[in-house]
Structures are given as structure tokens and as C-alpha cells.
Amino acid sequence: MPLAPAPETGRPSRGVTAEHWFDFICPYCYVARDRNRILRGHGIRVVEHALQIHPEIGPGGIPAGPRRGPAYAFVAEEAAAAGLPLRWTDRIASSRPALAAFEWLAANGPRTTSVRFAEAVFAANFAEGRDIESEDLLLSLAEDAGGDAEGLHRVWNPGSMTEALARSRSLASRYGVHGTPTWVSGRHGISGLRPRQWFHDWATALTPPIATAAE
């Protein structure tokens, strides 16, 4: 299904922006951290949004099946190429608490704080095999990222988490986004992980050189 054009925000924008949707339990999204660095390296502003792709996974998670086959081999190869350690665990966590924490931090502080938090949660899950459902862990990572951990702790309840993720999911629906990782820039949408060079090429296409008067 083709992605819908990005909705108009009514605000003028300088440069190029790519909206990015992710889930902390998605291994493709873990490697997508590297793709976001590529886009930012080309001067593209990446705005990240949480999208829970498996809301049916409740507290405590579910057992993970065997991590074999071409898809897992691709993720492992791309993670290695990006210099990202990858450690498969025997369970898949519920990502709801971590995603809600990300959305709260993004709404209540600098975007750089929520980006650092996201990097830390991905590393905790895929590189260190830690429990990303743990409130203590998430509050610690929020504080390490420079976020308001005390404020996050005060609003830590199922109601606020549901509300934060509902807003993010509504935005995804407006853009026609139903899976992760997905990027949308203007009328260009990419769903799924692509090789590193592909993102370099896409970023170059999104940011053509500006012609000077002499030209």
C-alpha cells in the first residue's frame, strides 16, 4: 500500500525533514539508527515517532522463536556493517512503556534528549539484553539522556502511556504508516530497512545542490 503524502503542517520549513516511525522491539529499527545518522549527516532533520507494532504483547513479553533464516541473517549483516552489537534474547518485550516514555520525553524537552534516550533503549534491548519494560531502567536511561526523569516518574501510569501512544499512532495513520521502520519526506515514503548506500543515495536525492547566480 503506497504511503500517503505528508500532511501539511502550516509551518514554513527550512531544509529537508524526514519523519521516522520506529518500535524498540523491531530489529530493523535498531539498525535504522544508523540510517538516521546517515540522513542527519546529509543535513536532513529527522523527527522520530513511536509506533507500537505489536500491541498484543503484554507485560512480561512473549518467548522469541528461533532467530534463523534470511531475514535474521540480513539484520545481523547490516548491524555488523553499521558497527552495532547484536545480541538476540529469548524473549520479546512489551515495548509500550519504553515507547510512551520516549513520546513523553519528546514532548517535554529537547528532541536531542529523546533521541539519546532512544539510542540507549535500543542498545539496552539489542546489544545488552536488558529488560526494557523495567521502570527503573527506563527512568535511569531518561536521566542519563538529560531528560526529566522525576517528571516522567510522576506521570508513569497506564492511562498516560495509552494517551501518548494513541497520539503517535494517529499521526502515523495520517501519513499512511502502518509498519516500522518507515520514513516519510514530503511525498517520498520508504517502508523497511534498505542498505546503507541506498540511504546515502536517497539523502542526496532529497538534498540537491542549490544553484548559484553564477550558474
Side-chain angles (χ1 to χ4, degrees), residues 3 16-54 57 61-62 64-96 98-99 101-103 105-106 111-112 114-133 137-138 141 145 168 172 175 177-185 188-206:
L3 296 171
V16 178
T17 296
E19 310 285 341
H20 172 233
W21 280 265
F22 70 91
D23 192 336
F24 287 123
I25 62 172
C26 167
Y28 299 102
C29 297
Y30 174 53
V31 181
R33 311 308 298 169
D34 170 70
R35 306 315 191 246
N36 286 340
R37 287 192 284 271
I38 290 173
L39 296 179
R40 291 184 176 111
H42 283 265
I44 295 172
R45 176 174 176 258
V46 180
V47 179
E48 304 196 61
H49 309 282
L51 181 61
Q52 189 179 17
I53 55 174
H54 289 294
I57 299 179
I62 61 173
R67 310 296 181 93
R68 296 191 296 268
Y72 290 107
F74 172 73
V75 170
E77 291 169 3
E78 293 298 320
L84 295 170
L86 180 59
R87 172 184 173 186
W88 298 114
T89 61
D90 60 0
R91 297 193 69 78
I92 300 173
S94 169
S95 57
R96 176 178 291 270
L99 293 173
F102 168 85
E103 286 294 327
L105 290 169
R111 278 278 173 181
T112 51
S114 57
V115 170
R116 287 194 295 268
F117 174 77
E119 297 278 359
V121 175
F122 271 113
N125 190 32
F126 286 106
E128 302 162 8
R130 303 174 75 183
D131 177 14
I132 63 166
E133 293 185 44
L137 172 63
L138 295 175
L141 295 180
S168 182
Y175 278 83
V177 174
H178 304 286
T180 61
T182 297
W183 293 263
V184 179
S185 182
H188 301 274
I190 297 102
S191 181
L193 186 69
R194 310 290 177 88
R196 302 185 85 244
Q197 186 58 50
W198 195 98
F199 272 82
H200 280 293
D201 294 342
W202 186 49
T204 300
L206 289 175

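Quick caveat, the model's predicted, so the values are computed rather than measured.
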Completion exercise
Residues Tyr72 and Arg68: closest non-hydrogen pair is CD1-O, 3.1 Å

Exercise for the section: Could you tell me whether the side chain of Ile25 reaches within less than 4.5 Å of the side chain of Ile57, counting heavy atoms only? Expected result: yes

Handout entry: Any residue meeting side chain to side chain contact (heavy atoms under 4.5 Å, CB included) with Ile53, in chain and number order, not counting sequence neighbours
Key = Asp23, Cys26, Thr180

Handout entry: Residue list, side-chain hydrogen bond (donor to acceptor under 3.5 Å, both in side chains) with Arg194, at least two apart or on another chain
Key = none

Exercise for the section: List the atom of Glu133, the atom of Ser94, and the distance in Å for their closest heavy-atom pair. Expected result: OE2-N, 2.9 Å

Problem - Pairwise side-chain contact, Leu39 with Trp183, heavy-atom cut-off 4.5 Å (strictly under) - result: yes

Practice task
Could you check if a side-chain atom of Phe102 sits within less than 4.5 angstrom of a side-chain atom of Ser114, using non-hydrogen atoms only?
Solution key: yes

Exercise for the section: Run the numbers on Val16 and His188 for side-chain contact (heavy atoms from CB on, under 4.5 Å), then give the verdict. Expected result: CA-CA 12 Å; Val16 178; His188 301 274; over 6 Å; no

Problem - Over all atoms of both residues, closest heavy-atom pair of Ile132 and Asn125 - result: CG2-CB, 3.7 Å

Practice task
Under the side-chain contact (heavy atoms from CB on, under 4.5 Å) rule, what do Glu119 and Leu141 come out as? Steps first, then yes or no, please.
Solution key: CA-CA 10 Å; Glu119 297 278 359; Leu141 295 180; over 6 Å; no

Would you tabulate the side-chain donor-acceptor contacts of residues 75-93 under 3.5 Å, counting partners in other chains and residues two or more places apart, or write 'none'?
| residue | atom | partner | partner atom | Å |
| --- | --- | --- | --- | --- |
| Glu78 | OE1 | Arg35 | NH2 | 2.6 |
| Arg87 | NH1 | Glu128 | O | 2.8 |
| Thr89 | OG1 | Arg91 | O | 2.8 |
| Arg91 | NE | Gly60 | O | 3.1 |
| Arg91 | NH2 | Gly60 | O | 3.1 |
| Arg91 | NH2 | Gly61 | O | 2.9 |

Handout entry: Check: Arg130 side chain, Ala124 main-chain N or O, donor-acceptor pair, under 3.5 Å
Key = no

Exercise for the section: Answer whether the closest heavy-atom distance between the side chains of His20 and Pro181 falls below 4.5 Å. Expected result: yes

Fill in the blank from the handout: CZ of Arg33 to CZ of Phe126, rounded to nearest 0.5 Å, is 11.5 Å

Exercise for the section: Output all residues satisfying side chain to side chain contact (heavy atoms under 4.5 Å, CB included) with His42, sequence neighbours left out; order by chain, then residue number. Expected result: Ile38, His200, Ala203, Thr204

Exercise for the section: Measure the CZ-OH distance between Phe22 and Tyr30 for me, rounded to the nearest 0.5 Å. Expected result: 14.5 Å

Practice task
State, yes or no, whether a side-chain contact exists between Trp202 and Ile190 at a heavy-atom distance under 4.5 Å.
Solution key: yes

Exercise for the section: On the 0 to 90° scale, with breaks at 30° and 60°, tag the Phe74-Tyr28 ring pair as parallel, tilted or perpendicular. Expected result: tilted

Handout entry: Donor-acceptor contact below 3.5 Å, side chain Ser168 vs main chain Ala50
Key = yes

Practice task
Using side-chain hydrogen bond (donor to acceptor under 3.5 Å, both in side chains) as the criterion, list what pairs up with Arg111, not counting sequence neighbours.
Solution key: none

Practice task
With the side chain counted from C-beta on, respond yes when Val184 and Trp21 share a heavy-atom pair under 4.5 Å apart, and no when they do not.
Solution key: yes

Problem - side chain to side chain contact (heavy atoms under 4.5 Å, CB included) partners for Asp201, two or more places apart - result: Gln197

